[in-house]
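All values derive from a computational prediction rather than experimental measurement. Just so you know, these numbers use all the heavy atoms, side chains as well, and skip hydrogens, waters and symmetry mates.
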2 protein chains.
Amino acid sequence: MPSVIGLLTGRVGRPPGAPMAPRDGPGAVITADRPVKFQASRRVRGIDGKAEPMASHGARGRSGGRPTLEEVAARAGVGRGTVSRVINGSPRVSDATRAAVEAAVAELGYVPNTAARALAANRTDAIALVVPEPETRFFAEPYFSDMLKGVGAELSETEMQLLLIFAGSDRRRQRLAQYLAAHRVDGVLLVSVHADDPLPDLLAQLEIPAVISGPRSAGETLASVDSDNYGGARSAVEHLLARGRGRIAHITGRLDVYGAQRRVDGYRDALRDAGHDADELLIESGDFTEEGGRRAMAELLRRRPELDAVFAGSDVTAAGARQALREAGRRIPEDVALVGYDDSAIARHLDPPLTSVRQPIEEMGRAMIDLLLAEIADRRPAASRGLERQHVVLATELVERSSS
Amino acid sequence: MPSVIGLLTGRVGRPPGAPMAPRDGPGAVITADRPVKFQASRRVRGIDGKAEPMASHGARGRSGGRPTLEEVAARAGVGRGTVSRVINGSPRVSDATRAAVEAAVAELGYVPNTAARALAANRTDAIALVVPEPETRFFAEPYFSDMLKGVGAELSETEMQLLLIFAGSDRRRQRLAQYLAAHRVDGVLLVSVHADDPLPDLLAQLEIPAVISGPRSAGETLASVDSDNYGGARSAVEHLLARGRGRIAHITGRLDVYGAQRRVDGYRDALRDAGHDADELLIESGDFTEEGGRRAMAELLRRRPELDAVFAGSDVTAAGARQALREAGRRIPEDVALVGYDDSAIARHLDPPLTSVRQPIEEMGRAMIDLLLAEIADRRPAASRGLERQHVVLATELVERSSS
DNA sequence: AGGTACTGTGGGAGCGCTCCCACAAGTGAT
DNA sequence: ATCACTTGTGGGAGCGCTCCCACAGTACCT
């Protein structure tokens with residue numbers, strides 16, 4: 001499978017009277033509410049099939065017979081600049097002129113030439129969603145498709161095109177670097193990036209606007225969107241406490257992931273605030289995998305056989321823990337209550353169904369796009385930057401099921 | 001989810017001495033075998049963060065400080081045209097000059113500007129894979145991902161970018177039409193198109209090269225790639241005959257799909273050639289669905305209870321037939337042998353595992369790309385067209401399992 | 001010598017846009 | 001009436017490429 005999938009997200013027409021988007025707005029390409037009909041548009045080649053003389057240089061040729069801005073202008077009896085303003089939705093055009101231009105556009109079936117626009121304006125109207133994972137994982141995990149849904153929804157209000165780039169192997173990362181160096185996108189969305197990934201630095205160097213889905217640290221330099229890992233963990237632990245559990249263990253995620261650290265913090269603080277003594281032996285690190293969860297659970301049972309609840313760093317981890325608990329003869333939730341994180345599909349399908357902390361992934365996608373578009377728009381007027389990076393944190397929600 | 005996913009498939013560098021591809025070849029963008037290192041490339045903005053005067057018109061500005069062809073030429077002490085020839089891999093450059101240019105390219109970290117190239121050359125170096133289905137089906141059915149794999153593999157030798165366009169709803173078809181009208185792709189790959197789809201006509205009108213994966217009829221006007229439905233069906237029936245079955249029924253696919261008709265033809269001819277009388281009551285039409293298969297099977301059992309084998313138009317259909325057979329108390333394969341088509345995942349997982357006709361889907365994807373690239377290349381020199389459309393048919397293979 | 005035919009090279013013209021300057025016309029304060 | 005804005009408009013000057021023509025240089029014929 002190729003390493004970059006791109007999603008078309010632009011819209012076809014701009015709702016009449018819709019507010020202008022930033023930077024004079026990505027305007028309507030064409031006001032195509034009417035049925036999309038394609039006039040056979042005068043062709044370059046003669047009827048006999050032989051190539052027309054096609055005056056080596058001079059009037060219309062290469063474009064394949066498509067109308068240009070200039071032609072629309074002539075038709076509408078206005079200048080080129082005015083047509084451009086109408087096309088791009090600038091407000092500084094009189095109503096009469098606008099109507100004339102729109103009529104000409106419709107009559108000629110004018111569609112802007114993307115390449116010319118990109119060249120002149122030095123932008124691509126495309127952004128990339130970079131996934132440093134093999135595409136199999138991408139398609140398998142609902143996390144990504146939820147994110148994609150949010151991103152797509154938010155983007156559908158714009159003319160932006162989305163490219164999905166898989167950077168799971170060295171070869172692909174190389175390709176990605178190439179792609180970025182060619183400035184083929186106006187901005188980048190980064191998901192599931194590890195702490196030591198050089199990609200963020202590359203983006204900074206190339207001065208490409210970027211938003212990261214989970215900050216790499218408290219001092220993240222890129223704009224970021226995250227769910228409230230700390231709060232989510234707290235809510236899980238508080239829920240267990242409220243259920244009367246007092247010996248709550250935690251299987252962490254990979255601790256080089258900042259979000260996993262924050263969950264540990266939330267776990268610790270919730271227990272401390274409830275007046276429980278810290279017990280480091282109730283914490284065992286996992287790695288977000290099922291096997292890791294099983295191993296960690298077995299270890300916890302060995303160290304603290306009297307535990308009565310487990311907060312796992314992910315649903316998959318919880319699934320592993322569940323197996324270890326079963327093997328040890330512990331019943332869920334009677335003997336040990338279990339809470340996961342992510343509220344993924346497995347949470348619902350586990351036996352018993354798993355209480356889990358839901359992250360608003362789709363919303364995170366939307367938020368990322370908002371931030372990114374703002375950054376792109378800001379950058380445009382090569383103006384005084386130095387804006388602080390935005391960091392958005394979205395609330396989580398505990399979904400209670402019968403495992404706790 | 002957005003309606004167009006684009007896949008990046010281009011390569012990073014051209015293998016030294018690789019044969020030139022058509023039309024003077026999509027050449028190496030940059031000879032980046034060396035580790036991808038990004039020089040901080042002189043920036044437009046001053047160190048203090050304020051915008052440089054940036055002489056309103058005149059030398060270098062908009063491009064964001066990236067080197068241009070002109071600069072590479074100056075550095076290498078040659079003309080602009082020569083650098084262009086080197087970049088595009090033209091053979092009409094002396095070795096010494098080429099080396100000098102390549103050195104300059106490497107030193108400056110030159111990467112061609114895609115937009116400028118697209119504008120000047122009137123091409124996009126992108127093609128679209130159009131899927132007139134919702135993306136859920138796309139991701140669920142291995143048919144598509146296999147196809148994608150083949151397409152991606154073949155494309156990885158070129159600089160072409162792939163766009164995946166979902167045209168499952170009216171809105172999306174509209175968007176697609178818009179996209180095509182803007183000539184944002186050089187060519188289109190069409191998969192699973194129904195007989196009455198207007199898309200092929202639209203493509204013809206816009207003069208966009210296109211290849212279809214299953215011809216809509218014997219007189220398909222578009223270039224096409226298909227598997228040998230006729231031969232595949234024959235091999236299935238011949239296999240059943242060889243196993244001593246004499247009363248072989250057929251559950252067809254949707255008969256508005258040309259391939260399904262061809263399978264019926266193959267079925268008929270195989271029986272006729274073996275000296276069996278035609279028995280139209282052994283043929284019942286399905287619709288490629290499980291429910292259709294079940295219904296058709298029930299009907300066949302009612303009409304011809306003495307049947308001893310079934311050739312189903314697809315694996316899914318076979319799965320439906322299997323249920324109906326079970327319900328009727330027939331054992332597979334003892335009482336009734338069952339053969340499917342597609343050799344999809346369910347064929348392996350059915351109980352008993354299903355004998356099925358495998359189509360070389362990945363190869364079909366490759367073949368489609370080959371045809372499409374050839375068409376695109378042919379079209380370029382607006383030369384005498386009128387070439388006959390190419391139709392490629394690939395052989396199928398019978399995969400024997402225990403259901404027959 | 002003068003053709004004829006290459007190969008290799010430089011650079012003009014142009015692709016279809018956006019950006020921005022110039023300027024006409026209108027509006028209102030002085 | 002003059003000045004200072006504002007609003008709307010036209011069009012020049014690019015953006016960074018590709019295409020192709022022109023031409024120098026070399027080679028091999030007559």
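- Among all heavy-atom pairs drawn from B:Ile127 and B:Leu372, the shortest one is CD1-CD2, 3.8 Å.
- Judged by distance alone with a 3.5 Å cut-off, no donor-acceptor contact links the side chain of B:Arg98 to the base of C:dG8.
- Nearest to the side-chain atoms of B:Asn113 among the listed nucleotides C:dG16, D:dT9, D:dG16 stands D:dG16.
- Under a 3.5 Å cut-off, the side chain of A:Glu71 and the backbone N or O of A:Thr68 do form a donor-acceptor pair.
- Neither OP1 nor OP2 of C:dG8 sits under 4.0 Å from any side-chain N or O of B:Ser94.
- The separation between A:Asp125 atom CG and C:dG16 atom C1' is 15 Å, rounded to whole Å.
- Regarding contacts with the backbone of C:dT18, a side-chain N or O of A:Arg117 is found under 4.0 angstrom from either OP1 or OP2.
- Side chains of B:Arg123 and B:Ile376 form no contact here, defined as non-hydrogen atoms less than 4.5 Å apart.
- Of the residues near DNA chain D, A:Val83 and A:Arg92, the one whose nearest nucleotide (by heavy atom distance) lies more toward the 5' end is A:Arg92.
- Under 4.0 angstrom from either OP1 or OP2 of D:dT9 there lies at least one side-chain N or O belonging to A:Thr97.
- At C:dC17, none of the side-chain N or O atoms of A:Ser84 fall inside 4.0 Å of OP1 or OP2 (strictly under the cut-off).
- At whole-Å resolution of the value, CZ in A:Arg184 and P in D:dG16 are 17 Å apart.
- When the C1' atom of D:dT9 is taken as reference, atom CG of A:Asp95 falls 15 Å away, rounded to whole Å.
- Residues A:Arg92 and A:Arg85 approach most closely at O-CD, 4.2 Å, considering heavy atoms.
- One atom, CD of B:Glu70, and another, P of D:dC17, lie 9 Å apart when rounded to the nearest Å.
- Rounding to the nearest 0.5 angstrom, the gap separating the CD1 atom in A:Ile87 from the OG1 atom in A:Thr82 is 11.5 Å.
- Distance B:Arg123 CZ to D:dT18 C1': 8 Å, rounded to the nearest Å.
- Taking atom CG on B:Asn122 and atom P on C:dG14, their separation rounds to 16 Å, with Å as the unit.
- Looking at A:Arg85, its side chain comes within 3.5 Å of the base of D:dG10 through a donor and an acceptor atom.
- You'll find a donor-acceptor pair under 3.5 Å spanning the side chain of A:Arg80 and the base of C:dT18, going by distance alone.
- Residue whose closest nucleotide on DNA chain D sits further toward the 5' end, between A:Val93 and B:Ala116: A:Val93.
- Between D:dC17, D:dT9, D:dC15, one nucleotide has an atom nearer to the side chain of A:Thr82 than all others, and that is D:dT9.
- Here D:dG14 presents its P atom at 17 Å from CG of B:Leu119, a figure rounded to the nearest Å.
- For B:Asn88, a side-chain nitrogen or oxygen approaches OP1 or OP2 of D:dT18 to under 4.0 Å.
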